[in-house]
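All remarks here apply to the structure that follows.
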Amino acid sequence: MSELYIRVAEDENEEPMEIPSEDDGTILLSSVAAQFPGACGLRYRNPESQCMRGVRLVEGVLHAPENDWGNLVYVVNYPKDNKRKMDEIDAASAVKVKRGFQKTSDLIVLGLPWKTSEQDLKDYFTTFGEVIMVQVKRDLKTGNSKGFGFVRFTEYETQTKVIAQRHMIDGRWCDCKLPNSKAGPDEPMRSRKIFVGRCTEDMTTDELRQYFMQYGEVTDVFIPKPFRAFAFVTFADDQVAQALCGEDLIIKGISVHISNAEPKHNNSRQMMDRGRFGAGGFSQVGECRYLRVVLFCCY
DNA sequence: GTTGAGCGTT
C-alpha cells in the first residue's frame, strides 16, 4: 500500500493535521503523539450511526476501521483521569490530568522572615518564572507576618523547579511545598519513572514506548544492556506512573509487572544533585532478590 | 516590642 495520510484533529471542528501511515496501512500512535503530545488513541464519527467510534489500538499500532481510513477526520483521544489506587486518593487526586499537562496549584512558603513582604516574595519568585499570586499571612490585629505565605506560578515546570530546591529569602532558608503534603526538597517528588519487571529480550525501547504511550506521554525508555529482564519507563506525569504501579500488564503476550522505580543510591551526592526533574539514577530494590532467584533458576 | 513548626479571615 502506498504511503497515505489521514486527517487528525484535536476536536471535530478544529483544523485537521495530516498524519502519515505505515507501509501496511496502519498508523503508529507515536506518529499521532508526535503532533499531539500525550495522545493515547483516535476516534471518529461513524457516518451511518453518527456515533463516535474508537479506532482499534493494539500495542501502539492504530488499525483502520474496515481496513480503510477513508476520508474521515479522526479525533485525538487523551488520557482521562488516571485510575488510582484507593489508598492513593489524596489532595493530588483532585488534579485533573489532561494531555500530559498539569495545572499549577498554590504552594505554601514556609520559614519566611518576619520582615518579608509580598513584594519581596514576588520579586524573588519571579526569577524562576511568571508569578500569578503571592500572599504573606499576617496576624489580623497586629499585621505581623506569621512567617509563611503562598505563591502560585503560571507554568507547571516553574512550580516543579521551585518545590525541588530550598530558597534563601531575605536571609533565611525557606521551603516551598504543596499545601498539606510533606513533599519538599528533602522528600523526592513522586517518581515519574516506573520499573517494568519480567521483560523479555525481544522487547525494544520503541515497542515499550509505543505500548506505554496509551497511558500518557512517555519521556524516556531505558533498557539495561546486557539484557537484565527489566526496563525503566518515564512518563511526563508522575500521576500516570504512580497509577500504573502494582499492575500486571501484557506486552507482546508477556505479563510484565510494574512497580515504582526506587532511587539507585541514597548518597548525599545524588540528594544534592537532584534538581528540577527528580532523581537521575533509579533501580528497583524490592524485586532484586526475586529477579536473582528467577535468573538462578533459569541457569 | 517576643517566636521558627506549620497549612490559607475576607
Side-chain angles (χ1 to χ4, degrees), chain A residues 81-98 100-193 216 235-243 245 260 262-263 266-279:
Chain A
D81 299 325
N82 294 286
K83 51 185 174 168
R84 298 173 63 82
K85 282 179 275 187
M86 290 303 285
D87 61 358
E88 283 181 349
I89 293 176
D90 53 18
S93 70
V95 177
K96 292 280 183 280
V97 177
K98 198 178 178 187
F101 171 85
Q102 279 182 296
K103 284 196 335 190
T104 61
S105 50
D106 295 354
L107 303 181
I108 187 165
V109 189
L110 268 359
L112 288 175
W114 312 117
K115 56 169 278 198
T116 298
S117 70
E118 297 193 337
Q119 188 60 52
D120 295 334
L121 267 194
K122 179 154 190 178
D123 290 346
Y124 173 78
F125 283 116
T126 300
T127 64
F128 291 87
E130 189 182 351
V131 171
I132 298 175
M133 176 282 304
V134 287
Q135 289 178 337
V136 172
K137 289 302 169 189
R138 324 188 94 96
D139 185 289
L140 271 66
K141 279 183 265 192
T142 67
N144 290 334
S145 167
K146 289 180 169 173
F148 71 95
F150 292 88
V151 61
R152 180 139 179 193
F153 296 97
T154 309
E155 301 293 332
Y156 188 77
E157 286 71 22
T158 312
Q159 168 172 322
T160 307
K161 187 166 63 181
V162 165
I163 292 176
Q165 71 175 68
R166 303 248 287 157
H167 301 274
M168 176 59 74
I169 302 176
D170 289 341
R172 273 183 60 92
W173 284 111
C174 303
D175 291 330
C176 295
K177 305 174 179 178
L178 290 168
N180 299 312
S181 78
K182 58 185 166 100
D186 297 334
E187 297 282 332
M189 64 180 204
R190 284 198 298 183
S191 179
R192 296 179 297 118
K193 186 176 291 195
F235 291 95
D237 184 342
D238 63 304
Q239 288 192 63
V240 175
Q242 295 299 319
C245 287
N260 220 317
E262 302 283 345
N266 273 336
N267 61 40
S268 56
R269 184 75 252 157
Q270 275 198 357
M271 299 291 275
M272 300 287 287
D273 287 346
R274 189 163 46 222
R276 307 199 310 157
F277 295 115

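Proteins come first, then strands; the chains are lettered A, B, ... in the order of their sequence lines, and each starts at number 1.
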Looking only at heavy atoms, the pair that brings A:Val136 and A:Ser145 closest together is CG1-OG, 3.6 Å
Please tabulate, one pair per line, each protein N/O and nucleotide N/O from nucleotides 2-5 of chain B that are separated by under 3.5 Å, including the distance.
| unit_1 | atom_1 | unit_2 | atom_2 | d |
| --- | --- | --- | --- | --- |
| B:dG4 | O6 | A:Trp114 | NE1 | 3.1 |
| B:dG4 | N1 | A:Leu112 | O | 2.5 |
| B:dG4 | N2 | A:Leu112 | N | 3.4 |
| B:dG4 | N2 | A:Leu112 | O | 3.1 |
| B:dG4 | N2 | A:Gly147 | O | 2.8 |

So which heavy atom on A:Asp238 is nearest to which on A:Tyr156, and how close? OD1-OH, 4.3 Å
Which of A:Leu112, A:Leu107, A:Ile108 passes side-chain contact (heavy atoms from CB on, under 4.5 Å) with A:Leu110? Answer is A:Ile108
List the steps, then state whether side chain to side chain contact (heavy atoms under 4.5 Å, CB included) holds for A:Val131 with A:Phe153. CA-CA 4 Å; A:Val131 171; A:Phe153 296 97; 3.8 Å; yes
If you take any heavy atom closer than 4.0 Å to DNA chain B, which residues from residues 121-141 of chain A end up in contact? A:Gln135, A:Lys137, A:Leu140
B:dG8 C1' sits how many Å from A:Ile108 CD1, rounded? 7 Å
If we ignore hydrogens and angles and just use 3.5 Å, is the side chain of A:Glu130 paired with the main-chain N or O of A:Glu155 as donor and acceptor? no
Does the pair A:Arg192/A:Asp237 count as a salt bridge with the N-to-O cut at 4.0 Å? no
Where A:Arg166 and A:Asp175 come nearest, the two heavy atoms and their spacing: CD-OD1, 2.9 Å
Mind checking what makes side chain to side chain contact (heavy atoms under 4.5 Å, CB included) contact with A:Gln135, not counting sequence neighbours? A:Glu118, A:Met133, A:Lys137, A:Phe150
